[in-house]
Chemist: 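Take a look at the following structure, please.
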Amino acid sequence: MKMQKPRGTHDFLPSEMAKRRFIENIMRQTVENWGYQEIQTPTFENLKLFTLRSGETIVDEIYEFRDKGGRALALRPELTAPVLRLYVEKLQATPKPLKFYYFGNCFRYERPQKGRFREFWHFGVELIGSDRPEADAEVIALASSVLDALELRGDLHVGHLGALRSLMRDLSEEQKNAIMRFIDKRDDEGLRMYLEEIGAPALEESIYALIESEDIDEARGIVGDVPALGHLENILSLLSELGVSYKIDFSIARGLEYYTGMVFEIYAERLGTENQICGGGSYRLAHLFGGEDIPSTGFAFGFDRVVMALGDISLPPQKKVIVVSTKEARVEALKVAHRLRRHFSTNIDLMGRGVKAQLSHANVIGATHAVIVGKRELQARKVTLRDMMTGEQEMLALDEVIERIR
RNA sequence: GCCGGGGUGGGGUAGUUGGCUAUCCUUUGGGACUGUGGAUCCCACGACCCGGGUUCAAAUCUCGGCCCCGGCCCCA
């Protein structure tokens with residue numbers, strides 16, 4: 001029986017990898033220019049790191065296992081918790097703010113569909129140590145900047161959980177979280193029934209009025225002049241100054257109980273149901289992992305969805321050299337290839353083919369240049385450079401060849 | 001976890017009222033062609049997703065599983 005890869009995973013062939021690396025490098029360059037530094041955490045962590053937070057339901061989607069020492073471990077389902085775990089473990093006494101970025105594979109046991117896999121990649125940043133509007137605005141603007149660098153159009157929605165929460169200030173945490181889930185799911189009927197059940201049907205009208213608010217003043221008219229709105233207003237005006245376009249959206253609930261303030265999501269076109277390519281917000285997690293309470297803001301791009309949303313993109317052309325030789329010049333050809341490999345991607349025949357077949361192969365693999373070494377070249381102490389596009393060729397010294405190809 | 005559509009060489013396919021050596025294109029390797037690519041011709045390699053059942057006989061019918069695609073649920 002033929003072996004198959006596990007469900008929901010992917011093999012990436014050279015052309016796909018070239019595209020992914022190209023995209024990844026643009027994202028890296030962008031966040032590094034904003035002063036973020038790369039970190040890497042383990043592929044697996046203690047299971048507890050992911051179950052400490054809200055929602056035991058998420059455990060169903062975690063790849064968990066016991067190692068030979070009986071430790072309960074889990075393949076990471078996301079990277080925010082590991083980064084904050086790292087912060088608490090090693091970096092609490094370092095100058096703030098801390099600005100990190102990561103790119104890594106994550107694992108969730110979910111039903112695969114378009115844009116959703118069991119192994120997928122997250123590219124994200126975490127800004128640790130500031131809860132000022134400038135910090136939140138920077139993270140949003142950075143996400144927007146990543147899209148700009150990729151020349152990808154995205155629909156940015158920004159909200160603040162404080163607005164909804166202040167509407168519900170008289171309810172219990174449990175009730176608030178339940179309502180947030182209904183809103184996040186856009187389950188209008190479920191929400192109405194729940195509000196009646198807890199004896200607060202009057203909330204329905206104001207909740208919907210808030211969700212439909214299109215600016216801060218409108219929201220103020222509903223929930224009053226609460227600090228959350230002032231904070232959001234500051235963030236938004238900074239975004240406007242930076243030329244970032246956004247839509248106010250108080251319906252972003254994110255289902256996450258550790259998100260505390262600003263939240264945002266970015267959607268791309270052409271992706272079907274799973275069209276969210278980025279999610280982020282400000283949160284407090286460090287205290288859950290045994291550290292001092294500290295504010296953080298971050299985002300994560302679903303890298304695979306970004307790749308899909310970009311569709312077919314043309315990559316910068318690469319020089320590709322192949323050294324072609326006759327039998328008597330094989331050793332010299334190896335030396336020539338060795339020299340060329342200090343500068344270019346260079347191939348040499350490994351199949352024992354004749355000159356004609358070697359050139360044919362060069363054509364098949366898309367070589368841009370062929371460097372031919374044979375009896376005549378040996379005698380002249382030169383090599384022949386052939387341009388595979390034009391077919392023009394000329395006998396030159398090897399140093400000249402390197403200059404020509406470059 | 002639920003619903004729908006699928007699975008034949010590496011890729012794309014024909015073939016199913018059960019029946020001859022499973023069709024064609026492409027790819028790959030070799031040759032025609034021992035110093036010059038893209039063409040042409042020839043040769044070769046290579047497949048019925050897995051398992052059970054029905055049958056003289058299964059790619060074809062049937063049951064279960066696995067996997068793929070799309071949707072639902074969920075989505076830290």
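Within every chain, numbering begins at 1; the chains are lettered A, B, ... in the order of the sequence lines, protein sequences first and strands thereafter. Only this structure's heavy atoms are used, side chains among them; waters, hydrogens and symmetry mates stay out.
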Chemist: Write down the distance between CD (A:Gln276) and P (B:C74), rounded to a whole number of angstrom.
Modeler: 15 Å
Chemist: Under the side chain to side chain donor-acceptor pair (under 3.5 Å) rule, collect the residues that match up with A:Glu212, sequence neighbours excluded.
Modeler: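 Here no residue qualifies.
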Chemist: Determine which nucleotide pairs with B:C20, using a 3.5 Å limit on both distances of a Watson-Crick or G-U wobble pair.
Modeler: none
Chemist: Please state how far atom CZ in A:Arg116 lies from atom P in B:C72, giving the value in whole angstrom units.
Modeler: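 To the nearest whole Å, that distance equals 10 Å.
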Chemist: In whole angstroms, how far is the P atom of B:G51 from the CD atom of A:Gln4?
Modeler: 13 Å
Chemist: If you assign A:Pro6 and A:Arg305 each to the RNA chain B nucleotide with the nearest heavy atom, which residue ends up on the more 5' nucleotide?
Modeler: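 The answer here is A:Pro6.
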Chemist: Anything under 3.5 Å between a donor and an acceptor, one on a side chain of residues 350-357 of chain A, the other on a protein residue two or more places apart or in another chain? List them.
Modeler:
none

Chemist: What string of B, S and - do you get for nucleotides 34-45 of chain B 5' to 3' if you count protein non-hydrogen atoms under 4.0 Å?
Modeler: -BBBB-------
Chemist: Check the distance between B:C73's C1' and A:Glu274's CD and give it to me in whole angstrom.
Modeler: 11 Å
Chemist: Roughly how many Å is it from NZ in A:Lys114 to C1' in B:G4, rounded to a whole number?
Modeler: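 About 17 Å, once rounded to whole Å.
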Chemist: When the distance from CZ of A:Arg118 to P of B:C69 is rounded to whole Å, what number comes out?
Modeler: 11 Å
Chemist: Between B:G18 and B:G5, how far apart are the two C1' atoms, rounded to whole Å?
Modeler: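 These two C1' atoms come out 25 Å apart once rounded.
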Chemist: May I ask you to decide whether A:Glu110 forms a salt bridge with A:Arg118, counting only side-chain N to carboxylate O separations under 4.0 Å?
Modeler: no
Chemist: Taking the six-membered ring of A:Trp121 as reference, does the NZ or CZ atom of A:Arg20 fall below 6.0 Å from its centre and within a 45° cone about the axis?
Modeler: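 The answer is yes; both the distance and angle limits are met.
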Chemist: I'd like to check the ring pair (Phe, Tyr, Trp, His ring centres under 6.0 Å) partners of A:Phe344; sequence neighbours left out, ordered by chain and number.
Modeler: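 Once residues adjacent in sequence are excluded, A:Phe344 has no partner under the ring pair (Phe, Tyr, Trp, His ring centres under 6.0 Å) criterion.
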Chemist: Looking at every strand, decide which applies to A:Arg353 at a 4.0 Å heavy-atom threshold: base, sugar-phosphate, or nothing.
Modeler: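 Sugar-phosphate only.
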Chemist: Using a 4.0 Å heavy-atom cut-off, does A:Gly352 contact any base of the nucleic acid, only the sugar-phosphate backbone, or nothing at all?
Modeler: nothing
Chemist: Measuring only the P atom in each nucleotide, how far is B:G65 from B:U26? A whole number of Å is fine.
Modeler: 40 Å
Chemist: Roughly how many Å apart are B:C50 and B:C24, using the C1' atom of each and rounding to a whole number?
Modeler: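 Per the computed distance, 28 Å lies between those C1' atoms.
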Chemist: Just to confirm, is there a sub-4.0 Å distance from OP1 or OP2 of B:G70 to any side-chain nitrogen or oxygen of A:Arg111?
Modeler: no
Chemist: Side-chain donor-acceptor pair under 3.5 Å between A:Asp131 and A:His231, yes or no?
Modeler: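 A:His231 and A:Asp131 do not have a side-chain donor-acceptor pair below 3.5 Å.
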Chemist: Without decimals, in angstroms, what is the distance between A:Ile252 CD1 and B:C75 P?
Modeler: 16 Å
Chemist: Rounding to a whole Å, what distance do you find between A:Phe50:CZ and B:C75:C1'?
Modeler: 16 Å
Chemist: Give me the distance, rounded to whole Å, that separates B:C49 from B:A22 when you measure between the P atoms they each carry.
Modeler: 15 Å
Chemist: So which nucleotide does B:C72 pair with, by the Watson-Crick or G-U wobble rule with both distances under 3.5 Å?
Modeler: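 Partner of B:C72: B:G1.
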Chemist: Return yes if a side-chain donor-acceptor contact under 3.5 Å exists between A:Thr384 and A:Glu394, otherwise no.
Modeler: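 Checked: A:Thr384/A:Glu394 side chains show no N/O donor-acceptor pair below 3.5 Å.
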Chemist: Considering only atom P, compute the distance from B:U28 to B:C68 and round it to an integer number of Å.
Modeler: 28 Å
Chemist: If the C1' atom of B:C25 is compared with that of B:U8, how far apart are they to the nearest Å?
Modeler: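 One C1' to the other, the span is 15 Å.
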Chemist: Compile the donor-acceptor pairs under 3.5 Å between side chains in residues 198-210 of chain A and protein atoms, sequence neighbours left out, one pair per line.
Modeler:
from: A:Glu204; atom 1: OE2; to: A:Arg192; atom 2: NE; distance (Å): 3.3
from: A:Ser206; atom 1: OG; to: A:Leu203; atom 2: O; distance (Å): 3.1
from: A:Tyr208; atom 1: OH; to: A:Asp188; atom 2: OD1; distance (Å): 2.9

Chemist: Just to be sure I understand the rule, does A:Gln358 reach a base, reach only the sugar-phosphate, or reach nothing, if contact means heavy atoms closer than 4.0 Å?
Modeler: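 It contacts nothing in the nucleic acid.
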Chemist: Work out how far the P atom of B:A58 is from that of B:G52, and round it to whole angstrom.
Modeler: 13 Å
Chemist: Between B:G29 and B:A39, how far is it from one P atom to the other, in whole Å?
Modeler: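 Roughly 14 Å separates the two P atoms.
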Chemist: Which residues pass the ring pair (Phe, Tyr, Trp, His ring centres under 6.0 Å) test with A:Phe120, sequence neighbours left out?
Modeler: A:His122
Chemist: Could you please name the partner base of B:U13, counting Watson-Crick and G-U wobble pairs only when both distances are under 3.5 Å?
Modeler: none
Chemist: So, does the side chain of A:Arg108 form a donor-acceptor pair with the base of B:C74 at under 3.5 Å?
Modeler: no
